[in-house]
A.B. asks: 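Quick one: the structure is below, and I'll ask about it shortly.
This one's a predicted model, so the numbers in the text were calculated from it and none came from an experiment.
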Amino acid sequence: MRAATKKNGAFRARLLTLLALLIAAFATATPAARGATSTDPQAAYLAARLRTDPVYVTDQLPREIPRSTAPDFAKLAQRTGVPTYVLVLPAQATTGVGLLDAVQERLGKDGLYVLIDESTVTEAKAYGVPAPAEDAATVAFYELPYDAGPLRSFERFADAIAQGAEKAAARAEAAREKYGEGDEPADLYIGPSDRENQSTLTGMAVTGVPLLMLLLVPYVRRWWRRRPGAAPRKQTKGESKSSGIWILGALALATAVAIALTAPLVFDQTRSSASPPPRAIDLNARLDRVAKGLAEGPVYADPESPRVLDAAQLAQLHSRIEKFSSSKGGGPVFVALVPQIYEDESQADEEAFAAAARDKLGGKDGVYIVADPLDGYIDVFNYGLGLDTYSAFFDLPESISYGDAKSDEADDHLLGERLDDLMVILDKTARTDEPTTPGDPYPVTDPIAEDELRPLYYGEFWSGLFLGVLAALLFFGLAAAVLGIARTLLRRRNPVPLPTSALPQVSPAAPSLAYLRETAKTEIRAMTTAFGTGETADARSLDRYEATMVLVDEASAAGGSGEDLDTLRPAALVVIIVLARATRAALAGEDTTRCCGVNPLHGPAKSSRHVRVSSEGSRRRMLPLCDRCLNDTAPNDYPALLLTLPGPDDESERTPYHEDDLLSAVPEGFTKLGRKVRESAHVH
C-alpha cells in the first residue's frame, strides 16, 4: 500500500511538473513581464464585489475600518447625488497603476469611483457623471487632520461633491492655501502617552497649585513688606495673623477641588482613534476567508492584493508542496499569500495569524507559510510535523525571509523564486521524532479596547500628586532665589536687572549643530584611544575605523584638523558618531551590525519592525530599532523620535536624516554605511 501511494504521489508530481512547464512556455510567449505584479485579477475581483454592492469594505482592516461600517459608507455615498462606487482597501494594496480605471472598465458602469485607505480618501474619478472628484478629494485631505479617520474623510468628500463643481473648486483652493501657509487642522484624538501626560499634569496641579499658594503667598507678602525702602506698616486694631492663614487655606482647598472637578471637562477625550470598536464577525472575516481557501487548496492568494505569482510559479509551488507532502516525514503545507497589516485582526503578527488560521482549519498539523504580497516578507511555522525546524527556520537566509536588493526592486518581490527556494530548504530539513513547534504566539492587543483611553484619575495621576509637591517646592525655591536677587539689587539701588540665560536643552531627536560637533569630537577621541595601535583589531573594526577617518580627513583637507570639524555638514557629523561607536563596539567584541533606524544616535539595533516615520499618512518602513524604540515606544510616537538635521542656514529648519544621501544607508548597516562614505569621497 505504501509503495502504491508513493508511486501515485510521484506520478502526480511529474504531471504537475509537466503542467508547470507547459504553462511556463505559454507565459513566456505572452507580453507579460516576469517579476511584475498584475492588477487584472485584483480589479476583476473588486469589480465583481461592486457589482453585488456599490460599497466594498475590506476585511483586512478590522482595527481601523470594520466591515460593519459598510452601511455608514453607503449612507454617505447617497449624498453625492450620482451613482457612487466605494472601495475601502489597505493603502499598499492600492498602489497599482490605474486600479480605479481597471475596476471601472470591468464593471462597465458610469459613476463616481472612490478609493479609500486606512486614513482618508486617496483617489477619486468620475466616469460619465458630473462630479468634481479631484476637488472633493483635495477638500477631504486638507480640511481634516490625519487622524480624522476614513469615515469622516469620506463624509467631507461627499459633502463637497454635493456642493457642485464651482463651490468644491473654491473650497479646495482655499483649503490648499490655508494648509500651505502652515495652518494645518489640529489633531482630533490623543494617544495613550498623551493621556498619561494629562493624568500627570492633573495630579501635579491638584497638589502643586494649592501648595504653592500656601508657600508663596505668605512669602511674597513678607518680602513686599520688608523690601528695601518700604514704609513701615502699622497693624490695624482687631487684625489677626491667624485669620489670614485660615482664609488662604480655604482658598487653597477650594482651588484643589476646582481643579479636580474641572480637569475631566478639559481633558474629555475617551478614545485615541476614530475607528469604531470591531465586532467578532469583523475580526474573524478574513481568517474565515483564508481558512476556506486553504481548505480547498494548499495555496491561497489574497484576491484584494495584486497578483504576485503567475500561473507557472503557482503550478511549480503546487508541485513542490505535493512532493514534500508525499515524502517521508513530510506533511501538509499551507501557503497564505495575505498582507500583514498593523490594522488587521492579528496586528501584523505573522505567528498569531498562522496560529489563528490553523485553528480555523480545525487544528491541522503542517507547515504554515505566511507570505506578504505587499511587503514581500516570508515567515514559516511548523505545527506538529516531524521536522527539526528550529535551526532550519531560525537561520533562514534573509534573502528568503526579507528579500534582497533585487527583490526589493521587483513589483512581485520575487516571491515565486523565494518560495521555491524555501521549499528546497524544507525538503532538506532533518526529520525527527520530536518536532520543534513555535508554541503559543505572543498575545496581540485587544482590538475592541485598544483605542479606549484610560480614565484621567488613573495610573500616572497618583505619581503626579507627588510630582506636584516637588514642583511646588522647586518653583518656590526658584521664586525665593529670584526675590532674593531682587532684594540685593534693590539694596544696591541698581534699577537694571542682571542678564539671565537658560541652559540649552538639546533634544536627541533634534540636535543642534554645536551638539553634533562636540559629540563627534568626543567619539573620535574615544575611538582613537580604544583603537590603540590596531594590532588586535579585526576586519570589521578596521573597516569602520577607516571609514570614520575618511570623513575626519575631509575636515583636515578643508583647512581644519582632527579636532576641528566645523567644515563638516551635520550628516557627516552623525556618520562620524555612528561609525566611531560601531568601531569601539567591534573592538569590544560586540556583534552589532546596525544602529537604530529611527534615530541613529540611540545606539545599536535589537530587531526590526514596521514603523510609521511620518505624522502625515500611514505608510510604514521596516527599520531596525533600538531597545527603547522597540519596547518603550507607542506606534504613534515614532515620528516625534525620528532624527532631524539642522538646516545649513537656519537650524530651525529641520530635515529628516534619511533624506540625506549619505545617511540613507544607515538602516542597511555599518558595512553599507562605510561603503557609502568611501563612495562619496571617491575612496576604494
A.B. asks: Does the side chain of V666 reach to within under 4.5 Å of the side chain of L673, using non-hydrogen atoms?
C.D. replies: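 The answer is yes; the side chains approach within 4.5 Å.
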A.B. asks: Using side-chain heavy atoms (C-beta onward) and a distance below 4.5 Å, is Y189 in contact with Q269?
C.D. replies: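 They are not in contact (no side-chain heavy atoms under 4.5 Å apart), so the answer is no.
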A.B. asks: Test D375 against every option in H610, H413, Q340, R620 by the side-chain hydrogen bond (donor to acceptor under 3.5 Å, both in side chains) rule and name the one that passes.
C.D. replies: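 Of the listed residues H610, H413, Q340, R620, the side-chain hydrogen bond (donor to acceptor under 3.5 Å, both in side chains) partner of D375 is H610.
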A.B. asks: Start with the C-alpha distance between L662 and V574, add both sets of side-chain angles, then the distance that settles side chain to side chain contact (heavy atoms under 4.5 Å, CB included), and finish with yes or no.
C.D. replies: CA-CA 10 Å; L662 187 61; V574 173; over 6 Å; no
A.B. asks: Considering non-hydrogen atoms only, spot the tightest contact between F73 and F154 and give its length.
C.D. replies: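 Heavy-atom minimum between the residues: O-CE2, 3.4 Å.
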A.B. asks: Identify which one of R67, R286, E118, E343 satisfies the side-chain hydrogen bond (donor to acceptor under 3.5 Å, both in side chains) criterion when paired with Q60.
C.D. replies: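 Among R67, R286, E118, E343, the one that satisfies the side-chain hydrogen bond (donor to acceptor under 3.5 Å, both in side chains) with Q60 is R286.
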A.B. asks: Can Y127 and D101 be counted as having a side-chain donor-acceptor contact under 3.5 angstrom?
C.D. replies: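 Y127 vs D101: donor-acceptor pair found between side chains.
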A.B. asks: For the side chain of T69 and the backbone of D72, is there at least one donor-acceptor N/O pair under 3.5 Å apart?
C.D. replies: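 No: the side chain of T69 does not pair with the backbone of D72.
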A.B. asks: List in chain and number order the residues that pass side-chain contact (heavy atoms from CB on, under 4.5 Å) with A605, two or more places apart in sequence or in another chain; answer none if no residue qualifies.
C.D. replies: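 Result, side-chain contact (heavy atoms from CB on, under 4.5 Å) vs A605: R594, P624.
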A.B. asks: Yes or no on side chain to side chain contact (heavy atoms under 4.5 Å, CB included) for F157 and L112, after CA distance, side-chain angles and deciding distance?
C.D. replies: CA-CA 12 Å; F157 172 87; L112 177 63; 3.9 Å; yes
A.B. asks: By the salt bridge (Lys or Arg N to Asp or Glu O under 4.0 Å) test, which pairs, at least two apart or in different chains, include something from residues 73-95?
C.D. replies: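 Listed by first then second residue: R79-E155, R79-D159.
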A.B. asks: Side chain to side chain contact (heavy atoms under 4.5 Å, CB included), that's the test. Do Y638 and L625 meet it? Break it down for me.
C.D. replies: CA-CA 10 Å; Y638 286 112; L625 301 181; 3.8 Å; yes
A.B. asks: Working to the nearest 0.5 angstrom, can you tell me the gap between L151 CG and I65 CD1?
C.D. replies: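 Reported to 0.5 Å precision, the distance equals 9.0 Å.
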A.B. asks: Counting neighbours of CD on E450 that are heavy atoms of other residues, nucleotides or ligands and sit closer than 6.0 Å, is the number greater than 12?
C.D. replies: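 More than 12 heavy atoms, drawn from other residues, nucleotides or ligands, come within 6.0 Å of this atom.
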A.B. asks: Find the distance between CG (N599) and CG (L642) and round it off to the nearest 0.5 Å.
C.D. replies: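 Going from the CG atom of N599 to the CG atom of L642 covers 7.5 Å.
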A.B. asks: Which distance, rounded to the nearest 0.5 Å, do you find between the CG of L87 and the CG of L115?
C.D. replies: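 Going from CG on L87 over to CG on L115, the span is 6.0 Å.
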A.B. asks: If the test is side-chain hydrogen bond (donor to acceptor under 3.5 Å, both in side chains), which one of K360, E345, R289 qualifies with N284?
C.D. replies: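 So the option named by the test is K360.
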A.B. asks: Working to the nearest 0.5 Å, report the span between SG of C596 and CG of L623.
C.D. replies: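 Separation between the atoms: 8.0 Å.
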A.B. asks: Tell me if a side-chain donor or acceptor on Y377 pairs with a main-chain N or O of G403 at a distance below 3.5 Å.
C.D. replies: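 Flag not set: sc Y377 to bb G403 has no pair under 3.5 Å.
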A.B. asks: How long is the straight-line distance from CD of Q42 back to OG1 of T94, given to the nearest 0.5 Å?
C.D. replies: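 Nearest 0.5 Å value for the OG1-CD distance: 8.5 Å.
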A.B. asks: For R106 and A102, indicate whether the former's side chain and the latter's backbone hold a donor-acceptor pair under 3.5 Å.
C.D. replies: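 The answer is yes, because a donor-acceptor pair under 3.5 Å joins these two groups.
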A.B. asks: Answer yes or no: is there a side-chain heavy-atom contact under 4.5 Å between D187 and Y146?
C.D. replies: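 Yes, close enough: below the 4.5 Å cut-off.
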A.B. asks: For R454, does the CZ atom have more than 12 heavy-atom neighbours from other residues, nucleotides or ligands under 6.0 Å away?
C.D. replies: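 Counting neighbours around CZ of R454, 12 or fewer heavy atoms of other residues, nucleotides or ligands fall under 6.0 Å, so no.
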A.B. asks: Are side-chain heavy atoms of K676 and S664 found at a separation under 4.5 Å?
C.D. replies: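 The answer is yes, as the side chains (C-beta and beyond) meet within the 4.5 Å cut-off.
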A.B. asks: Do the side chains of H602 and R628 get nearer than 4.5 Å, heavy atoms only?
C.D. replies: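 A side-chain contact under 4.5 Å exists here.
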A.B. asks: Any side-chain heavy atom of T138 within less than 4.5 Å of one from E173?
C.D. replies: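 They are not in side-chain contact.
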A.B. asks: Show your reasoning for whether side chain to side chain contact (heavy atoms under 4.5 Å, CB included) applies to D110 and Q104.
C.D. replies: CA-CA 8 Å; D110 290 340; Q104 191 275 335; 4.0 Å; yes
A.B. asks: Quick check for you: to the nearest 0.5 Å, what is the distance between L201 atom CG and I259 atom CD1?
C.D. replies: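 The distance works out to 9.5 Å.
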A.B. asks: Would you call D135-R171 a salt bridge at under 4.0 Å N-O?
C.D. replies: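 Salt bridge between D135 and R171, a charged N being under 4.0 Å from a carboxylate O: no.
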A.B. asks: When you check the gap from the basic side-chain N to the acidic O, do R307 and D40 get nearer than 4.0 Å?
C.D. replies: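 A salt bridge is absent here (no side-chain N lies under 4.0 Å from a carboxylate O).
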A.B. asks: State, without any angle test, whether Q313 and D412 hold a side-chain donor-acceptor pair at a distance under 3.5 Å.
C.D. replies: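 Note: Q313 and D412 side chains miss the donor-acceptor criterion.
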A.B. asks: Does N197 use its side chain to pair, donor to acceptor, with the backbone of S193 at less than 3.5 Å?
C.D. replies: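 Indeed, once roles are kept as given, a pair shorter than 3.5 Å links the two residues.
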A.B. asks: Go through the structure and list residues passing side-chain contact (heavy atoms from CB on, under 4.5 Å) with S153, not counting sequence neighbours.
C.D. replies: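 Listed in chain order: T120, V121, A140, L144.
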A.B. asks: In terms of side-chain geometry, is the basic nitrogen of R63 or D451 positioned less than 4.0 Å from the acidic oxygen of its partner?
C.D. replies: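 The answer is no: the pair does not qualify as a salt bridge.
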A.B. asks: Donor-acceptor pair, distance only, cut-off 3.5 Å: does the side chain of D282 make one with the backbone of R279?
C.D. replies: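 Pair found, side chain donor or acceptor close to backbone of R279.
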A.B. asks: Are a donor atom and an acceptor atom from the side chains of Y458 and R195 found within less than 3.5 Å of each other?
C.D. replies: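 Looking only at side-chain atoms, R195 and Y458 do not form any donor-acceptor pair under 3.5 Å.
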A.B. asks: Report yes if some heavy atom in the side chain of I281 is under 4.5 Å from a heavy atom in the side chain of S68; otherwise report no.
C.D. replies: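 No, their side chains stay 4.5 Å or more apart.
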A.B. asks: Atom OH of residue position Y402 - does it have more than 12 heavy atoms of other residues, nucleotides or ligands inside 6.0 Å?
C.D. replies: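 No.
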A.B. asks: Aromatic rings Y457 and F461: how do their planes relate, parallel, tilted or perpendicular, breaks at 30° and 60°?
C.D. replies: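 Judged by the thresholds at 30° and 60°, the geometry between Y457 and F461 is perpendicular.
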A.B. asks: Could you tell me whether the side chain of T80 reaches within less than 4.5 Å of the side chain of V114, counting heavy atoms only?
C.D. replies: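 Side-chain contact under 4.5 Å: no.
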